[in-house]
Q: 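Submitted below is the structure of interest, expressed as structure tokens.
Side chains included, hydrogens not; waters and symmetry mates left out as well; all remaining heavy atoms used. Naming: A, B, ... by sequence-line order, numbering from 1 per chain. The shown structure was predicted, so the numbers you read here are calculated from the model rather than taken from an experiment.
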Amino acid sequence: MVDKIPILKMGKFLLLSIQVDMHDQLAMDLQEDLTHQIVLHRSKGVLIDISSLDIVDSFIGRMLSHIAHVSRILDAKIIVVGMQPAVAITLVELGLSLDGIATALNVEKGMRRLEQMVEDDLSLELESGEDRDFSAEAGD
Amino acid sequence: MSVPVIAELLKKHESELLQEWIASQRAAGIRTDLIDEGTVLNNSRELLKLLSIAALGGIDDLGSAEWKPVRNMIEALSRTQSRQGFSPSETATFVFSLKEPLFAKIQANCADPASEMLKASQLLDKLGLYSMESYMTGRESVIREQQESMLELSTPVVELWKGVLAIPLIGSLDSNRTQIVMEALLEKIVQTESEIAIIDITGVPTVDTMVAQHLLKTVTAAKLMGARCIISGIRPQIAATIVHLGVELGDVITKSSLADAFSVALKELDIRLVKGSLR
Amino acid sequence: MGKTEIFPLKQETDIVIVRQRVRKAAEAVRLGLVSQTKIVTAASEIARNALIYGGGGECVIEETTKDGRGAVRLVISDQGEGIANLDRAMVDGYTSGSGMGLGLGGAKRLVDQFAIESQPGQGTRIELWKWR
């Protein structure tokens with residue numbers, strides 16, 4: 001069994017691709033590891049690729065929400081990419097809508113979106129206003 | 001409990017019964033275009049063997065474990081035949097045509113043929129009915145599969161522009177159809193990497209709570225995947241229904257026509273259309 | 001047809017095994033991809049409950065039929081404290097632990113048939129069905 005999900009650093013972003021069926025402890029470890037890395041590298045954004053996951057249950061959903069909250073506090077944007085249709089339908093039926101988490105269809109679009117979010121954030125730094133929901137906005 | 005007379009007969013005259021059974025099936029007509037005689041022979045031999053074993057434990061309760069192999073075989077055969085295009089009577093004939101040879105054996109070998117014949121008749125009738133039931137279940141599953149593939153065909157997902165999908169829904173929506181259609185839409189979003197999908201319901205006369213909820217769930221699911229949906233063509237009555245039903249549309253974008261939705265989509269993608277003559 | 005297997009739920013990694021075996025069973029009875037995902041997710045939710053709140057138990061996975069359609073039947077049981085107020089436990093948002101409280105109600109929406117038996121002190125037994 002895999003005992004760690006690798007987190008890649010790419011410039012000011014962190015990249016991670018979950019490709020195994022995670023048991024709960026592995027998810028908890030990932031959550032901790034990621035927080036640590038965000039602080040360590042002063043990352044501006046995190047991209048999480050879940051295209052290989054064939055289910056997301058409430059535990060993983062909660063982990064994603066938690067990561068999003070922590071990232072926000074640490075001033076890093078987060079985007080979840082590649083959720084499979086069957087997984088999305090199931091999550092909605094389960095009652096989880098992962099509010100406040102930006103999403104994109106694939107890594108490429110997600111990366112572009114993330115860059116845009118960070119840029120927007122820099123240019124808007126002095127303006128006040130509500131948190132905008134960036135999910136699923138056109139990327140190009 | 002003594003061994004039933006029929007069980008003894010089946011065992012003792014197995015090969016004769018087989019020949020006569022085949023003959024009686026042949027007389028009733030074998031669909032040689034659908035099945036070859038070798039298979040018929042094998043099936044008959046197999047079933048006869050299973051029957052003679054099962055009958056040892058009594059012939060009253062066909063639901064018992066002893067009869068399971070017989071039931072399984074009849075079920076498998078009847079289901080296959082319903083798929084292969086046999087008629088119900090052709091399928092039933094397989095079991096019923098065993099009556100004649102079996103009755104002849106009872107007549108020739110029993111002291112009290114009338115009561116044994118009654119028992120044998122009841123047994124074969126039950127098996128015949130079971131065969132019919134299995135045939136029908138097989139037929140139903142064929143129909144269900146066809147319905148499903150029809151549903152998939154009936155609503156094509158089309159690409160209006162690179163990155164813009166549309167699904168024009170026409171006719172009444174039940175929750176089953178909505179579900180299938182919506183799954184197809186989400187699949188297509190992944191395939192074409194489309195960020196915007198327009199669900200056009202101009203051709204939908206009414207929407208009930210379930211359907212409205214399915215639509216909304218699809219919008220939410222698409223959002224989780226990284227795409228957004230626009231619902232267009234909501235008729236006044238449907239708008240009223242949605243409000244009346246108390247379905248919360250949330251932050252779903254709605255547009256009155258497909259054309260409006262399309263121009264919103266292009267705007268989102270930052271695409272501007274320019275008339276050639278203006279140059 | 002009619003294959004039945006029993007898996008223990010003693011540690012977290014058992015949940016992963018149950019998910020994988022439920023997926024296999026769902027494929028074997030030819031459930032569609034969405035239905036497969038739903039029953040696997042429901043199994044994951046309920047199995048985790050049995051482990052965390054029920055102190056462990058077991059999961060029976062059966063490949064069967066329902067009215068002639070291929071079906072998966074799961075029975076997940078534990079010998080834990082049981083659930084005192086079933087109605088309340090089925091409501092979204094209710095939780096006695098650290099979960100988000102979507103477990104029971106959410107899992108119920110994912111399957112075609114859901115039955116729960118529980119008495120305080122007697123453990124909990126949940127039966128889930130998903131068919132084609």
Q: Ignoring hydrogens and angles, tell me if any N or O in the side chain of C:Arg73 forms a donor-acceptor pair with the backbone of C:Trp129 under 3.5 Å.
A: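 No, the answer is negative, given that no donor and acceptor are paired below the 3.5 Å cut-off.
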Q: What are the two closest non-hydrogen atoms of C:Ile83 and C:Ser118, and how far apart are they?
A: N-OG, 2.7 Å
Q: Kindly give the heavy-atom pair with the smallest separation between C:Gln36 and C:Leu31, and that separation in Å.
A: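 Looking at all heavy atoms of both residues, the shortest contact is NE2-O, 3.1 Å.
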Q: So, does C:Glu58 use its side chain to make a donor-acceptor pair with the main chain of C:Ile6 at under 3.5 Å?
A: no
Q: Is a side-chain donor or acceptor of A:Asp57 paired with a backbone partner of A:Ile60 at a separation under 3.5 angstrom?
A: yes
Q: Let's test your reading of the structure: which of A:Glu93, A:Gln25, A:Gln84 forms the most heavy-atom pairs below 4.5 Å with chain C?
A: A:Glu93
Q: Would you mind checking which part of C:Leu33 comes under 4.5 Å of any heavy atom in chain A, side chain (CB onward), backbone (N, CA, C, O), both or neither?
A: both
Q: Where along residues 19-27 of chain C does a heavy atom come under 4.5 Å of chain A, listed by residue number?
A: C:Arg19, C:Gln20, C:Arg23
Q: If we define contacts as heavy-atom pairs under 4.5 Å, which of C:Asp14, C:Thr37, C:Val34 has the most with chain A?
A: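 Greatest number of close heavy-atom pairs with chain A: C:Thr37.
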Q: Is a donor on one side and an acceptor on the other found under 3.5 Å between the side chain of C:Asp112 and the backbone of C:Trp131?
A: yes
Q: How about CD on A:Gln37, more than 12 heavy atoms from neighbouring residues, nucleotides or ligands closer than 6.0 Å, or not?
A: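 More than 12 within 6.0 Å, yes.
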